[in-house]
There are 2 protein chains.
Amino acid sequence: MLQEPILTGSQNCEECPIRHRAVCARCETDELQRLEEVKYYRRFEAGQPIIWCGDRMDFVGSVVLGVASLTQAMEDGRTQMVGLLLPSDFVGRPGRAVAAYDVTATTDVLMCCFRRAPFEALIEDTPHIAHRLLEMTLDELDAAREWMLVLGRKTAREKIASLLSIIARRDAMLHIRREDGPVVFDLPLTREAMADYLGLTLETVSRQVSALRKDGVISLEGKRHVTVPDISRLLEEAGDDMDGGLIS
Amino acid sequence: MLQEPILTGSQNCEECPIRHRAVCARCETDELQRLEEVKYYRRFEAGQPIIWCGDRMDFVGSVVLGVASLTQAMEDGRTQMVGLLLPSDFVGRPGRAVAAYDVTATTDVLMCCFRRAPFEALIEDTPHIAHRLLEMTLDELDAAREWMLVLGRKTAREKIASLLSIIARRDAMLHIRREDGPVVFDLPLTREAMADYLGLTLETVSRQVSALRKDGVISLEGKRHVTVPDISRLLEEAGDDMDGGLIS
DNA sequence: CGTTCATTTGAATCGTATCAAGTGTCGTGG
DNA sequence: CCACGACACTTGATACGATTCAAATGAACG
C-alpha cells in the first residue's frame, strides 16, 4: 500500500492545483503568506479516517487531491453520506471545536490544513477569506438541497443516474472535452459508498447500475470505469431536464 | 380571509422580535440605520407564493413572523421541501439574481425585505452582516445534513418523530418551559406539507401520526395541536439518542 | 344544508430491503 | 504456479414497508 502517487504536497500556494477554487481563491499575495504561516499538509490513504465525529478538531482545511466523504451514522449502524468532498472543498467549521461528522478518505487524499485558532483569527480580518468561505458554504447548501430532492423523491434508478450525472458534470469541469462526445470517467466510490450516498442498499445500487448498463445508458469496463455515450439520455434518466447544460 | 393578526410590521428595528437572531443580529446602531434605509415590510397570506423558482429576485430578507417553506419540484409534480423557514431565517442568496427554489407562505408571513443591490453592497463593507450571514448559512447547512439522514435512512415512523422533535425543540427555544414537563405545540404544517418535508405521501404521514397517537407517544386535540407527554420517548422514536438535550 | 378541503382509513400493488449464495479479482503464502 | 482467503461486486428469492387508488369522515364556511 506504500505507493507514492502524485500526493507530494507542493509547499507553494502559487502552484497549488486548487489555488483558484479553494477558500484561498481570492487572496492576494500578502494574504497568502499569512495563510502559509499556519498551513501544513497531511496525507491520508484510501479508506482511512480523517476525522471522527465528536473528535476535537485542531485544524480546518481544503481537500487538495482525492475524494473524501462526510458521513453521519445512527447507533444501529445505518449511515448516510452528507457530503462528497472533492478537491478545493473545505473541511471543518470555523468556530466549532468538535467535529459534527465522520470524515473518511475515499481515495488517497492530500489535505491542506490550517491550524484552527489562527485561521479563525484570519477570517476576522481578511474579508477575502470570509467572503470566499460564505460563497462556498452557499454552494454547498445548494448542493445539499439538490441532494435532498434526490433522497426524498427519486427512485433507485433515478438516484443512480443522478449520482453519475453529478460525477460526470464535475469531470466535465476539470477535463476540457468536446461539446457532445461521450463522457468517460472513473467512479471514485465503491458500491457501498454509493449506497450510503443515495440512501439505498449496495445490492440495489448494483442492480440499478446493471440495469442502466443493459439499457445502454452507460457502459462499463471493469467495475469502475464508466462511459456515457449520450449525456442527455443520462440526465433524462435522472429526472432532471436541464438539457445538455454541462456547465452549471 | 382578511383577518389582520399581529402582522403589523414594527418599523423600528430595535423592537423587532428577531432583532437578535436574524442577519442583522450583530449590527451596531449605525449599521442598523443603513439597513433600515433599504428595508421594507411585506405580508403574505397562508398558502400564497412568496417567490417562484426562476423568478428574478429584487430583494432578500428575513422571515419576521410565520412559517414559510422552500421547495423544489420535478416536472412530473413530485416535490420536496428543502427548507423550513422560521422567524429570523434568511431568504434569498446574495449575488444571485434568480430564485433557485419556490418559496411559499405556510402560515401568514411577515417578511422584512432588503432591496438586493444595496444589501449586497452592505455585505461588502459591513463585516457584522457578512459574518452573521456566514454563521446562519453554516447552521442551515448543518440542518440540511441532519435532514439528509432523515430522508435517506429513516423509516416513516422515525421521520414523523424526527419532524415533531424538530418543531418541539424550536418551540422549546422560544417559549420558556419547565425542564421535564409535557411539551405542547401547534403543527404549522398540513399533512401534505409534512409529506413533502419528509419524502412521504400524505397518506403515510396520516397513518404514522395515528400510530404514534395510538402508542401514546403523542396526543392530539384537533388535527394540529400536539402534546408530547415524554419528550425523550419521542426522541427515541426518532432514532436520535441525544437524550433530553432540548437546547442544541 | 351543501360544498369544499384536510384528513383518515382500507385494500391491493409495487419497489426496495433483506437474506443468501455465487462470481471475479487481487495479493499472499505454500 | 497454484491454493487460499479477502474483498468488491452480482444475482436470486422472498419479505416488508410505503405507495397507490379508492372511499369515507369530519370540520369550516357560505
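Order of the sequence lines fixes the chain letters, A, B, ..., with proteins taken first and strands second; residue numbering starts at 1 for each chain.
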Write out a two-atom table: protein N or O, nucleotide N or O from nucleotides 16-18 of chain D, distance below 3.5 Å.
unit_1	atom_1	unit_2	atom_2	d
D:dA18	OP1	B:Ala156	N	2.7

Short N/O separations, protein against nucleotides 19-26 of chain C, under 3.5 angstrom:
unit_1	atom_1	unit_2	atom_2	d
C:dC19	N4	A:Glu203	OE2	3.1

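Listed by chain and residue number, nothing satisfies the side chain to side chain donor-acceptor pair (under 3.5 Å) test with A:Thr190 (two or more places apart in sequence, or in another chain). Annotation: side chain to side chain donor-acceptor pair (under 3.5 Å) contacts of A:Asp89 (sequence neighbours excluded): none.
Judged as a ring pair (Phe, Tyr, Trp, His ring centres under 6.0 Å), the pairs with a partner in residues 69-90 of chain A (not counting sequence neighbours) are, in order, A:Phe90-A:Phe119.
Looking at A:Lys154 and A:Glu237, no side-chain N of the basic residue comes within less than 4.0 Å of a carboxylate O on the acidic one, giving no salt bridge. Remark: A:Arg169 engages A:Glu146 in a salt bridge, criterion side-chain N to carboxylate O under 4.0 Å. Salt-bridge formation is not detected for the pair B:Glu140/B:Arg145: no Lys NZ or Arg NE/NH1/NH2 atom is positioned less than 4.0 Å from an Asp or Glu carboxylate oxygen. Looking at B:Asp196 and B:Arg191, no side-chain N of the basic residue comes within less than 4.0 Å of a carboxylate O on the acidic one, giving no salt bridge. A salt bridge is defined here as a Lys NZ or Arg NE, NH1 or NH2 lying under 4.0 Å from an Asp or Glu carboxylate O, and A:Asp215 with A:Arg233 fails to meet this definition.
Straight-line distance from the NZ atom of A:Lys159 to the P atom of C:dG15: 14 Å, rounded to whole Å. Between the CZ atom of A:Arg224 and the P atom of D:dA8 there is a distance of 9 Å, rounded to whole Å.
Looking at B:Thr201 and B:Thr204, their side chains do bring a donor and an acceptor atom within 3.5 Å of each other.
When each of B:Ile18, B:Leu86, B:Val103, B:Val91 is checked for a side chain to side chain contact (heavy atoms under 4.5 Å, CB included) with B:Val63, only B:Val91 meets the rule.
Of the residues in residues 190-198 of chain A, those lying under 4.0 Å from DNA chain D by heavy-atom distance are A:Thr190, A:Arg191.
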